[in-house]
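Taking it in order: structure first as structure tokens, then the write-up.
Nothing fancy with the numbering, it's 1 onward along the sequence.
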Amino acid sequence: MENNTCLEKQPLCEEMLEKMNAYWRAANYLSAGQLYLLDNPLLKKPLSMDQIKKKIVGHWGTVPGQNFVYVHCNRAIKRYDLDMILLSGPGHGGNFLIANTYLDGSYSEVYPNISQDEEGMKKMFKQFSFPCGVPSHCAPETPGSINEGGELGYSIAHAFGAVFDNPDLIATVVVGDGEAETGPLATSWQSNKFLNPVTDGAVLPILHLNGYKISNPTIFSRIPHDEIKSFFEGCGWKPYFVEGDDPMTMHKKMAETMDTVIEEIKAIQKHARDEQDPERPKWPMIILRTPKGWTGPKVVDGQQIEGSFRAHQVPISMEKPEHLQLLEAWLKSYHAEELFDETGRLIPELAELAPKGNARLGANPHANGGLLLKDLRLPDFRKYGIPVEPGKTKAQDMIELGGYIRDIFKLNEDSKNFRIFGPDESMSNRLYKVFEEQNRDWNGELLPTDDKLARNGRIMDGMLSEHMCEGWLEGYLLTGRHGFFASYEAFIRIVDSMAAQHAKWLKVCNQLSWRRPIASLNFILTSNVWQQDHNGFTHQDPGFLDHIANKKADVVRMYLPPDTNCLLSCFDHCIKSKNYV
């Protein structure tokens, strides 16, 4: 094959792999620069201590592996014309997403001050994990992000929420191997039992085994290959392994594997849609094993860094004079002078590797869901009201609300942008009437005795995990749709911190003009504490309201409707609102 015909659309060739490796070096260089540098961003002068941050805060260990994934997503997007978003599950390493969105231009479009030149690069380096700068996570400030690390465990749930009713979207998720040990993440592998290949998109999990948490090995990295394979096959996935540490070998393996899994996803969807066959397939996933802190310093002060837990945070601390030479040698190993021109711009033959326009991971509108948000068509809530005769009228508020919600489903049948979420409690919460219009979503085995289960249901109450219900709903809202979460008051406490994290996300979004408003995260708490004579003490826990009440009123709202008519009015108000909990 001639070099000049070696493009993304064609089979892999050496020139393409070399370019991808160079692009990866550029991303690694920018990620390391964000940790350390205040000045001299292209190392045109010898490095000196006054050019280095006084306090170095941030994470390196997960970053090179995530940069590697990003480069390979870019190629897949271009080769297959994909609509893809990327979720970063590891708790830290936000410098990877800033570096990559900077390289593809989407960062500078949102933040013109961080320009694609030497001056902009210097500002980008300085602002990272710095007072009045940007956080070290994939925060709301970062274009392309809908999953902020820190509190771990929700990346796959967010990804599934994002692809429900989004048939052309692929949500690629980097799952950290530390994150994989959390309860919510561990159960979220079961989400594939709720995905309809005809009407939903696809989730591509990439379990990133870099071997270590902050100071311990990770469980998945220390069990035999066959055990890992059996685990994921038992959860209904088809795992592909990409393992090693030699960059060029790994680029070839990863590119071939990405082609395989994307073609498999496309084939699954084509079959499902051509045959109208919603039965659950074995979706592919990737298990990527790379060294922690890959391409970073090998040894510092006689201790192993790359490939050990010591690479997790800052690989070289700067309190010893000899560390300056180590840092300079590490940064120079990426050869920035080969990757960026004299002005500090990525050279054209590398810049062309990135997708264009909204196909870029940093510019995909699904990762800024307010751009796609359409208002719901809502019935007039007054028509569902109850004429009250004091002492005589008998009605139940949730039963009557069910009729109103049933008709939201009817009115938005074409838009398919509304779902109910809850842990196995929709009937128990007296939402009987919604089942006149909709079924529960279920892609496991079906039996003739099942009640209201269907492959295309829109009531997401088939999984008894509050974490999944909340995570799916957040992903659904963050990509521009509507829904609510109904649960017993006592058990909503399980997602206290998730609600708080979402409130923090919204608080930051309210200060970012480019983040368009999304539908509010709405909770209905039923089975309240004073109604628990039959359940007893276990079901008496009114603390969720306390927890929400200590947040600021610019992000949270609480309503306590005393009867059916007030509930109808409240619900109508809440389901129309934006950017609140």
Side-chain angles (χ1 to χ4, degrees), residues 25-67 88 90-103 107 114 118-139 141-142 148-150 176 178 210 212-215 291-334 336 344:
R25 276 166 38 214
N28 287 337
Y29 178 76
L30 294 179
S31 301
Q34 287 177 74
L35 282 176
Y36 287 94
L37 297 184
L38 288 172
D39 203 354
N40 194 12
L42 290 164
L43 300 181
K44 288 179 178 174
K45 302 178 290 223
L47 195 59
S48 58
M49 284 305 286
D50 61 325
Q51 297 161 1
I52 290 166
K53 295 177 182 179
K54 299 292 172 271
K55 186 170 175 61
I56 296 150
V57 190
H59 289 66
W60 171 250
T62 178
V63 165
Q66 294 200 79
N67 284 335
S88 169
H92 293 271
N95 34 343
F96 108 88
L97 194 53
I98 293 171
N100 280 288
T101 51
Y102 179 76
L103 287 173
Y107 200 87
I114 311 292
E118 190 170 357
E119 185 58 29
M121 194 186 291
K122 176 180 160 178
K123 286 177 179 165
M124 175 179 65
F125 286 176
K126 180 179 178 178
Q127 70 172 5
F128 180 75
S129 213
F130 196 81
C132 304
V134 299
S136 68
H137 301 130
C138 297
E141 291 94 333
T142 318
E148 182 165 12
N210 61 30
Y212 294 91
K213 308 183 279 271
I214 289 183
S215 44
K292 186 115 182 163
W294 199 11
T295 74
K298 303 278 186 278
V299 177
V300 175
D301 298 338
Q303 293 193 304
Q304 182 188 341
I305 304 296
E306 185 192 72
S308 86
F309 67 89
R310 294 185 190 90
H312 183 83
Q313 289 171 308
V314 176
I316 305 175
S317 58
M318 296 309 294
E319 71 281 353
K320 295 184 181 173
E322 61 268 29
H323 286 185
L324 187 63
Q325 283 74 45
L326 282 177
L327 175 61
E328 187 165 34
W330 170 30
L331 293 175
K332 285 194 162 168
S333 73
Y334 297 115

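Note that the CG atom of L30 and the CE atom of M124 stand 4.5 Å from one another [nearest 0.5 Å]. Atoms CD1 and CD, on I56 and Q313 in that order, are 12.5 Å from each other to the nearest 0.5 Å. We find the CG-CG distance between L37 and L327 to be 6.5 Å, quoted to the nearest 0.5 Å. How far CD1 of I114 is from CD1 of I98: 9.0 Å, rounded to the nearest 0.5 Å. Rounding to the nearest 0.5 Å places NZ of K54 at 9.0 Å from CZ of F130. Note: L326 CG to L47 CG = 11.5 Å, rounded to the nearest 0.5 Å.
Residues A27 and N100 share a closest heavy-atom pair of CB-OD1, 3.8 Å. When all heavy atoms of S31 and W60 are compared, the pair lying nearest together is CB-CZ3, 4.1 Å. Of all the heavy atoms in K292 and Y212, the pair that sits closest is NZ-O, 2.8 Å. In terms of heavy-atom proximity, N95 sits nearest to H59 at ND2-O, 3.4 Å. Pairing each heavy atom of F128 with each of P135, the nearest pair is CE1-O, 3.8 Å. Across every non-hydrogen atom of L38 and D50, the tightest pair is CD1-O, 4.3 Å.
Residue K53 qualifies as enclosed at atom NZ: its count of foreign heavy atoms under 6.0 Å is above 12. Under a cut-off of 6.0 angstrom, the local environment of NZ in K55 is sparse, with at most 12 non-hydrogen atoms contributed by other residues, nucleotides or ligands.
At a threshold of 4.5 Å between non-hydrogen side-chain atoms, the residues I52 and L324 count as touching. N28 places none of its side-chain heavy atoms less than 4.5 Å from the side chain of W294. V300 places none of its side-chain heavy atoms less than 4.5 Å from the side chain of R310. By the 4.5 Å heavy-atom criterion applied to side chains, W330 and I305 are not counted as neighbours.
Judged purely by atom type and a 3.5 angstrom limit, T101 uses its side chain to pair as donor or acceptor with the backbone of L97. A distance-only check finds no donor-acceptor pair linking the side chain of S317 to the backbone of E319 [under 3.5 Å]. Formation of a donor-acceptor pair under 3.5 Å by the S129 side chain with backbone atoms of V57 is found in this model. Between the side chain of Y334 and the backbone N or O of T295, at least one donor-acceptor pair lies under 3.5 Å. At distances below 3.5 Å, not a single donor-acceptor pair connects side-chain atoms of E141 with backbone N or O atoms of V134. Q304 places a side-chain N or O within donor-acceptor distance of the main-chain N or O of E306, the cut-off being under 3.5 Å. The backbone N or O of I316 lies less than 3.5 Å from a partner atom in the side chain of Y36, making a donor-acceptor pair.
When each of K122, Q51, E118, K45 is checked for a side-chain hydrogen bond (donor to acceptor under 3.5 Å, both in side chains) with N40, only Q51 meets the rule.
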